[in-house]
J.: 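The structure is given below, and queries will be raised subsequently.
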Amino acid sequence: MRLSRYLLPTLKENPVEAQIVSHRLMLRAGMIRQTAAGIYTWLPLGYRVLRKIEQIVREEQDRAGAQELLMPTLQNSDLWKESGRYDAYGPEMLRITDRHDRVLVYGPTAEEVINDIARNELKSYKETPKILYNIQWKFRDEVRPRFGVMRGREFLMKDAYSFDLTYEGAKHSYNKMFVAYLRTFARCGVRAIPMKASTGPIGGDLSHEFIVLAETGEEQVYCHKDYLAMPIPSEDVDYDSDLEPIYNQWTSLYAATEDKYDEAEAKAVGDNLLSARGIEVGQVFYYGKKYSNPMNVAVAGEDGKPVLIEGGCYGIGVSRLMGAIIEACHDDNGIIWPESVAPFKVGLVNLGTGKEVADKACDDLYAKLTKAGVEVLYDDRDERAGVKFSTMDLIGLPYQLIVGLRGLEKGVVELKNRKTGERREMSPEDAVAFLTR
RNA sequence: CGGAGUGUAGCUCAGCUUGGUAGAGCACUACGUUCGGGACGUAGGGGUCGGAGGUUCAAAUCCUCUCACUCCGACCA
């Protein structure tokens, strides 16, 4: 993509409404613009990242055996009355009246819809287990939206739902999602630590929040230092095998958010206790018959008699995750994207725009890299070097390929690593080889 | 939802106390100089001062109502 043709409205100054770093940087890097409180337009650069994250989430869900479907944003309110949540949810749920005076709700989550599908379409125990998920926009009419996409009203969420015959089956589904989450967040370039979470009045102790550690996180968290180096399950993990060992490994050590903090437990960890700030990016939850009971979600068991489904739900805040990644990956100059979610892999910086030697060298590099499938943002604008460097640092592409007249005289270009700041001079051919390897 | 603020150019803000023909910096356009870390000069374009009503000869400025947004708290993917 040529920057001269790209919609990238960067800002030099900090918009006054943005209080935390990810919000500021997303506005300054031209990724989002607010349309109403907690509601954003995703500009091209931001949307590219959102799709990258979404795709990683999708791949790991699929790998774990979950199946993607797509549920509507607007839901029938009768389903919510049936589950008993229509009144329980309160004003946080946006209710809309259509021309026939029927009340629709803009889904804050989709348990009702998916359980309606399940009870209609799942007939026999032979059709279990199932894990179904969708990645869809949700709306929660937060009293006070803030922190940009970290706490918006409209947000993109992956929500998965499992349907099993027994508790043991449900636990296995839970483990699948648990493992998939470890992989998903790691692939996004952040370390998320599962921490024990409260499950509300339904009971059970089977729920974990996945917390990304970041200096600017919203809540205080405590965990054993060993979590920082604990190995992430490989992509070869067999999701049909017993996943308890992995689950046990990742839940054996102390990890708690501020409201679950227990001084005695924390003290027992001793010098290995890590106290940090964290951001919740996902939650897994076993809820048993909470919905299958009121909504009568049952399949025929082996004896032909109906068996109520054992359920669980598993969310990832996709749009929030982007904010969390920025909170964890930035410096004073801007964002530092992990390569897996970067909007482009490399920024091609032409320091001699208008000079034939430089233009030709850049056109050549751009063509070769693009042809090799590398995503390149080519800064072909007629701007000063400082402006181009600042833009690149701000938007945080992993590599900057800097082409200047000075270097071209020696037959070299410069490759800068955004994260380390390291710059290396090399021939254009070597640069292409490096970036396409 | 309680408390506190802010709405003036695309962005950051001044002007309001004490009413009198709408400003600065950045951004944008043109030209010139500059040219490897957000340059400089000159000349421009751009605002029914959030909206409605009121007071007044005269309202960005005073009064009333209203809408939006932000911050703190409670709540939360």
Side-chain angles (χ1 to χ4, degrees), chain A residues 9-20 23-24 27-30 33-39 57 89-93 107-111 135-160 181 192 197-198 200 207-212 218-219 257 259 278-285 313-324 332-334 349-355 358 379 381-395 400 402-409 412-414 416 421 423 425:
Chain A
T10 57
L11 303 173
K12 204 188 279 188
E13 294 178 86
N14 280 320
V16 69
E17 74 269 18
Q19 296 301 305
I20 61 163
H23 191 193
R24 281 204 299 268
L27 288 167
R28 287 193 51 209
R33 286 293 183 265
Q34 179 166 298
T35 277
I39 301 177
V57 171
Y89 222 97
E92 206 175 279
M93 183 160 70
T109 175
E111 279 85 4
I135 300 172
Q136 177 63 289
W137 293 94
K138 307 290 194 298
F139 192 92
R140 291 183 192 172
D141 201 356
E142 295 283 346
V143 186
R144 193 184 159 207
R146 60 183 136 173
F147 303 147
V149 301
M150 299 264 288
R151 180 87 183 278
R153 290 195 293 173
E154 188 182 54
F155 57 97
L156 188 62
M157 181 167 100
K158 184 284 299 182
D159 43 322
Y181 276 30
S198 61
S207 179
H208 289 86
E209 290 179 359
F210 284 74
I211 305 284
V212 167
E218 321 167 84
E219 55 183 337
T257 58
D259 44 319
I279 302 164
E280 185 189 343
V281 290
Q283 180 164 18
V284 289
F285 199 128
C313 65
Y314 317 90
I316 291 179
V318 176
S319 46
R320 157 179 279 210
L321 181 52
M322 188 187 312
D332 289 346
N333 294 322
V349 180
N350 186 348
L351 293 184
T353 300
K355 303 279 194 323
D379 192 346
R381 296 175 300 173
D382 186 16
E383 288 285 357
R384 299 167 61 83
V387 172
K388 295 191 176 191
F389 289 140
S390 298
T391 299
M392 282 302 168
D393 285 350
L394 176 62
I395 68 175
Q400 295 171 21
I402 301 160
V403 179
L405 298 171
R406 216 166 66 186
L408 287 176
E409 281 172 18
V412 298
V413 294
E414 201 172 307
K416 175 181 165 184
R423 297 154 171 274
E425 288 194 335

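Within every chain, numbering begins at 1; the chains are lettered A, B, ... in the order of the sequence lines, protein sequences first and strands thereafter.
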J.: Across all strands, who's sitting opposite C40(B) as a Watson-Crick or G-U wobble pair, both distances under 3.5 Å?
T.: G32(B)

J.: Using the P atoms only, state how far A60(B) lies from G51(B), rounded to an integer number of Å.
T.: 11 Å

J.: Can you name the nearest heavy-atom pair linking T257(A) to E209(A), along with the distance?
T.: CG2-OE1, 3.7 Å

J.: Is any side-chain heavy atom of I39(A) less than 4.5 Å from a side-chain heavy atom of F139(A)?
T.: yes

J.: Ignoring hydrogens, what is the shortest heavy-atom contact between L394(A) and L11(A)? Give both atom names and the distance.
T.: CD2-O, 4.4 Å

J.: Students often get this wrong, so: under 4.0 angstrom with heavy atoms, is L321(A) touching a base, only sugar-phosphate, or nothing?
T.: nothing

J.: Using a 4.0 Å heavy-atom cut-off, does N14(A) contact any base of the nucleic acid, only the sugar-phosphate backbone, or nothing at all?
T.: sugar-phosphate

J.: In whole Å, what separates the P atom of G10(B) from that of U48(B)?
T.: 9 Å

J.: Please give the distance between the P atoms of A14(B) and G50(B) as a whole number of Å.
T.: 13 Å

J.: Report yes or no: does Y314(A) contribute a side-chain atom to a donor-acceptor pair with the main-chain N or O of Y181(A) at less than 3.5 Å?
T.: no

J.: Would you kindly compare G38(A) and V281(A) by the position of their nearest RNA chain B nucleotide and give the one closer to the 5′ end?
T.: G38(A)

J.: Mind checking V143(A) for me? I need base, sugar-phosphate or nothing, with any heavy atom below 4.0 Å counting as a touch.
T.: base

J.: Determine the interatomic distance between P on C11(B) and the same-named atom on C67(B); round to the nearest Å.
T.: 23 Å

J.: Shortest non-hydrogen contact from N350(A) to K388(A)?
T.: O-NZ, 2.6 Å

J.: Scan G315(A) against the nucleic acid and name what it touches under 4.0 Å (heavy atoms): base, sugar-phosphate only, or nothing.
T.: nothing

J.: Please classify the nucleic acid contact of E13(A) as base, sugar-phosphate, or nothing, using heavy-atom distances under 4.0 Å.
T.: base

J.: List the residues meeting side chain to side chain contact (heavy atoms under 4.5 Å, CB included) with T109(A), not counting sequence neighbours, and say none if there are none.
T.: W80(A), R85(A), Y89(A), E111(A), R140(A), M157(A), Y161(A)

J.: Rounding to an integer number of angstrom, what distance separates G45(B) and C26(B) when you compare their C1' atoms?
T.: 16 Å

J.: Start at the 5' end of RNA chain B and walk down; is the nucleotide closest to I316(A) or to P15(A) reached first?
T.: P15(A)

J.: Might you point out which heavy atoms bring G278(A) and I211(A) nearest each other, and give the distance in Å?
T.: CA-CG2, 3.5 Å

J.: For RNA chain B, note the earliest and the latest nucleotide, 5' to 3', having some atom under 4.0 Å of a heavy atom belonging to chain A.
T.: C1(B) to A77(B)

J.: Report yes or no: do Q400(A) and D393(A) form a side-chain donor-acceptor pair below 3.5 Å?
T.: yes

J.: Is K416(A) touching bases, backbone alone, or none of the nucleic acid, heavy atoms closer than 4.0 Å?
T.: base

J.: Is U64(B) paired to anything, Watson-Crick or G-U wobble with both distances less than 3.5 Å, and if yes, which nucleotide?
T.: A52(B)

J.: Taking the C1' atom in each of U18(B) and A59(B), what is the distance between them to the nearest angstrom?
T.: 14 Å

J.: Please determine, for G20(B), whether a Watson-Crick or G-U wobble partner exists with both distances under 3.5 Å, and give it or none.
T.: C57(B)

J.: Can you tell me, in whole Å, how much space there is between the C1' of G15(B) and that of A24(B)?
T.: 11 Å

J.: Is G2(B) paired to anything, Watson-Crick or G-U wobble with both distances less than 3.5 Å, and if yes, which nucleotide?
T.: C72(B)

J.: Which residue pairs pass the salt bridge (charged side-chain N to carboxylate O under 4.0 Å, His left out) test when at least one of the two sits in residues 143-152 of chain A, sequence neighbours left out?
T.: E142(A)-R151(A)

J.: Students often get this wrong, so: under 4.0 angstrom with heavy atoms, is S319(A) touching a base, only sugar-phosphate, or nothing?
T.: nothing

J.: Now, which nucleotide makes the Watson-Crick or G-U wobble pair with A27(B), with each of the two distances under 3.5 Å?
T.: none

J.: When the P atoms of G46(B) and C65(B) are compared, how many Å lie between them, rounded to an integer?
T.: 37 Å

J.: Quick one: label G352(A) by what it contacts on the DNA or RNA (base, sugar-phosphate, nothing), any heavy atom closer than 4.0 Å.
T.: nothing

J.: With sugar-phosphate meaning primed atoms plus P, OP1 and OP2, does E209(A) contact a base, only sugar-phosphate, or nothing at under 4.0 Å between heavy atoms?
T.: nothing

J.: Quick one: label R28(A) by what it contacts on the DNA or RNA (base, sugar-phosphate, nothing), any heavy atom closer than 4.0 Å.
T.: base

J.: So G152(A), base contact, sugar-phosphate only, or nothing? Heavy-atom distance under 4.0 Å.
T.: base

